[in-house]
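Worksheet: the structure to be examined is printed underneath.
Letters go in sequence order (proteins before strands), and every chain restarts at 1.
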Amino acid sequence: MAFGKGHHLHLIDGSAFIFRAYHALPPLTRKSDGLPVGAVSGFCNMLLRYIEENTGPDAPTHAAVIFDKGSHTFRNDLYDKYKGNRPEMPEDLRPQIPLTREATRAFNVACEEMEGFEADDIIATLARQAREAGGRVTIISSDKDLMQLVGGGVEMLDAMKNLRIDAEGVEAKFGVGPDRVIDVQALAGDSVDNVPGAPGIGLKTAALLINEYGDLETLLERAGEIKQPKRRQTLIDNADQIRLSKRLVTLDCDTPLTFTLDDLEVRDPDPETLLKFLTEMEFRTITKRVSERMGVAPPAVPEPAAPETVADDIPFDPEAYEVVRDAEALSVWIDRIMERGWVALDTETTGLDDMRVDLVGISLAVELGRACYIPLRHKAADRDDLFGSDALAEGQMDPDTCIAMLKPVFEDPSILKIGQNMKYDAKVLARQGIDVAPIDDTMLISYAQHAGLHGHGMDTLSERYLDHTPIPIKPLLGTGKSAITFDRVPIEKAAPYAAEDADITLRLWHSLKPNLHRAKVTTVYETMERPLVPVLSAMERAGIKVDRDTLSRMSAAFAQKMAGLEAEIHELAGESFNVGSPKQLGEILFDKMGLEGGKKGKTGAYATGADVLEDLATEHDLPARVLDWRQLSKLKSTYTDALQDHINPDTGRVHTSYMIAGAATGRLASTDPNLQNIPIRSEEGRRIRQAFVAEEGKVLLALDYSQIELRILAHIAGIDALKEAFRDGQDIHAATASEMFGVPLDQMTPDVRRQAKAINFGVIYGISGFGLARNLRIPRAEAQGFIDRYFERFPGIKDYMADTTAFAKEHGFVQTLFGRKIHTPEISASGPRAGFAKRAAINAPIQGTAADVIRRAMIRMPDAIADLPATMLLQVHDELLFEVEEGAVDAVTERVREIMEGAAMPAVDLTVPLTVDAGSGANWSEAH
DNA sequence: GTACTCACG
DNA sequence: GACGTACGTGAGTACG
């Protein structure tokens, strides 16, 4: 039967439901995967309550939930600022929007939306159609914009206040009847939707005027008759704007609909469909309510064994930790993991070098406060032998059995493995043949939210977010020479420590993971932190071949040269002293020899840095010799000697470790050894790179971004001159010099170019006259002159600096183009610290965006080169180093370049091209 | 453990 | 008007 007399249509404003649900509820997440579902849950509750309350004689015959779709409507064409000041949708709400549509359908309620139309217009059209057909309409919403529709059988219902609004109710709110509501709205405007209206006229005055003159057109025609001069003038001056406002607030009753009223007939929900949806959402309470109502047995929603309380309600209790000593006990834990879908894990090892250590034990946690430790290779306590026995302690699980049992769990794609600094555990487990995935990492979850605020180690996070000091490891291992490895710690002492680490990790995950959405860094974490773990793990495990002979020959040569220099220096000084002691050197230079320019630092010692010695070197031989000696000393101790100690005896290669959460800007940091600071600037040091070699039949291939930070600056600050120079492939420093000093490119001198280069770099660092002057060794006033001229020629730079520091002051952080946040807590400090913080804030978005770009490239790289005989070995901030089979260099270069140059896309479309230079050779020196 | 120096981007 | 300043890192050495 077609919709008509006696029928009753309910129209529910879906968006209003969603926002109410979102703001009314605390941020709930789905237990199994952390998906935010608070708004969906509230939405379902509201829908359920609506259905429960609308039974009986007055029940609707037809009903629909109407949603907005698309952000651009005809109103934006009329007025581009319409709804222009509306804040962005919260990041944790966005993924819930499609789920509310699903929920509506699951309840078997018609769910309608149309691209490019606001829900209000669809509601208006349906209300008109229903009224014309002779039926009744109830609009479930409290949105005042819909009040113009009331009357003639149309009412509104504020579901929250359970308040029916008829024509009288509208008059109470607007001071006029429903037919004049749009006139009043046109005059009063609306700050929420950014409808301008008449300045200075609010709801009260608008109603007064409309009541006096009858309607808006009459009022505007007779505006000259208004007594109050200011009001009169406003109406005359803003007549066009008021008419525009009226068109904006008038709902469109003629939206072309793709469905009819008859499609909206009320249907009973299908218990199976509805309960399936609710179960999937893991809404226990609603599921129960619905099953009771429908007289169906409630389906089993995976019930977490842990009570649904927050982490800090559960005390830390070592008694609740279990030692797993056999397969039977472990299988109980595995069942728990499979049931729950996640596990926090931690590995205990004999040391800190994940490429060399032995696995001693594994701890697991599935519920807050409960954890276990599985000892595998603890050594027996020893009775006779002072040096300890090599026999294994009693009561441990057979390592092979344990690994065999855990492997399917740790590799199960449906089970989430949670760790603190998972790269370490993943590497240790990889050496046991386990490829851990998928993972979450509490260190990285913290880093994505709080870079720049504090460290992200377990102790820091536990103190900060759990208010708990973890059991320290020092008392177990001892210190100094008498320190023991973890396998020598008795199991009874090791277990509480180890199990607690897994427990803490799980608690941290509970506390921190849901906040990713709130901090709007979910995408940062998901696309630039978490996926980097397996990539870096593979690079670190690959390592790079370092030729020991080359290094030791260089060490010997350096030692010989240093001995010669040392003798010369002592001769010049007239006495023997420790050249490596800045304190002794300072006393020799400034006290004994009486040289000028001795400046004492805060500790009262003379400064003897390279800059000081360079100044002195123009007049004296001794400081010049010391500079030479220092360079050799540095190269020998830090590189040619130390690097040899890092060659892994098993692989013959050097395996650095990358800290993902070390640098606040998003850069990686390389440690043990640091392979990001291998010399290149000096000829002497550069030769150290000859020791980094490719395997037989392979070559090293280096690709680096050209001027990436300057390009990003040109994009962010919108410097057209720089952008053009980059697009034309010009020498950017020469182009800058030309622009600044008016020197044509063909007459450019190296010195002018050098100065421009220094300024370009200075700008990236938050330039100061003092810093530039020192760098260029020119008077400070001259340096300041350069900077002034630079700002004059590229005014966008100054704006960028001012905007960035203002943003940092307001928000306490700055952001990269990809959304990475870098906190700047010192930005409002006073004194010199404020200067530091300001320059760091200026630099961070640039350095951080560049770091994001190469991270994105690295994450895509394994898939991109999977079919090529190439391995990614190292990252040095703007460079990637590969080991490639000789014949494949060109193919790999082409593929890698494509990935690197396109790494910003599709998230960010830079207005400056990124270009990559490539080189290859038998060693790292040749590859450059 | 801290300060200084110096290697890199 | 004085003060102190380039941004981001890690490692080795001296010294208290």
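- For the pair A/Ser581 and C/dC15, the criterion of a side-chain N or O lying under 4.0 Å from OP1 or OP2 is met.
- Atom P of nucleotide B/dG9 and atom CZ of A/Arg686 are separated by 10 Å, given to the nearest angstrom.
- Checking B/dC6, C/dG12, C/dC7 against the side-chain heavy atoms of A/Phe836 singles out C/dC7 as nearest.
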Under the rule of Watson-Crick or G-U wobble with both distances under 3.5 Å, where | means paired to another strand and [ ] a crossing pair, DNA chain C maps to ......|||||||||.
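- Comparing the C1' positions of C/dA6 and B/dT2 gives a spacing of 24 Å, expressed to the nearest Å.
- As rounded to the nearest Å, B/dC6 and C/dA2 have P atoms that lie 32 Å from one another.
- Looking at A/Lys423 and A/Glu540, their side chains come closer than 4.5 Å, going by heavy atoms from C-beta outward.
- Looking at heavy-atom distances under 4.0 Å, A/Asp878 makes contact with sugar-phosphate atoms alone, never a base.
- Across C/dC3 and B/dA7, the matching P atoms stand 32 Å from one another, rounded to whole Å.
- Rounded to an integer number of Å, the gap from A/Leu874 CG to B/dA7 P is 20 Å.
- Position along DNA chain C of the nearest nucleotide to A/Asn674 versus A/Gly762 favours A/Gly762 as the more 5'-ward residue.
- Of the possible polar contacts, one joining the A/Arg897 side chain to the A/Val916 backbone as a donor-acceptor pair under 3.5 Å is found.
- If you check distances only, the side chain of A/Arg774 never reaches the base of C/dG4 with a donor-acceptor pair under 3.5 Å.
- Among the heavy atoms of the strands lying under 4.0 Å from A/Ile680 are primed sugar atoms or P, OP1, OP2 only; no base atom is included.
- For A/Asp441, there are no salt bridge (charged side-chain N to carboxylate O under 4.0 Å, His left out) partners at least two apart in sequence or on another chain.
- No close placement of the A/Phe786 and A/Tyr790 rings is indicated, their centers lying 6.0 Å or farther apart.
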Working note: A/Phe558 + A/Tyr639, criterion ring-ring contact (aromatic ring centres under 6.0 Å, His included); need CA distance, chi angles, decisive distance, verdict. CA-CA 11 Å; A/Phe558 289 153; A/Tyr639 301 104; 9.9 Å; no
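- Side chain A/Arg780 to base C/dT5: a donor-acceptor pair is found below 3.5 Å.
- By the 30° and 60° cut-offs, the orientation of the rings of A/Phe807 relative to A/Phe813 is perpendicular.
- Spacing of P atoms, C/dG4 relative to B/dC8, comes out at 30 Å, to the nearest Å.
- What separates OH of A/Tyr765 from C1' of B/dC8 is a distance of 10 Å, to the nearest Å.
- Here the P atom of nucleotide C/dT9 and the CD1 atom of A/Ile846 are 15 Å apart, to the nearest Å.
- In this pair, A/His733 and A/Phe761 present their aromatic rings tilted. The plane angle is within the 30 to 60° band.
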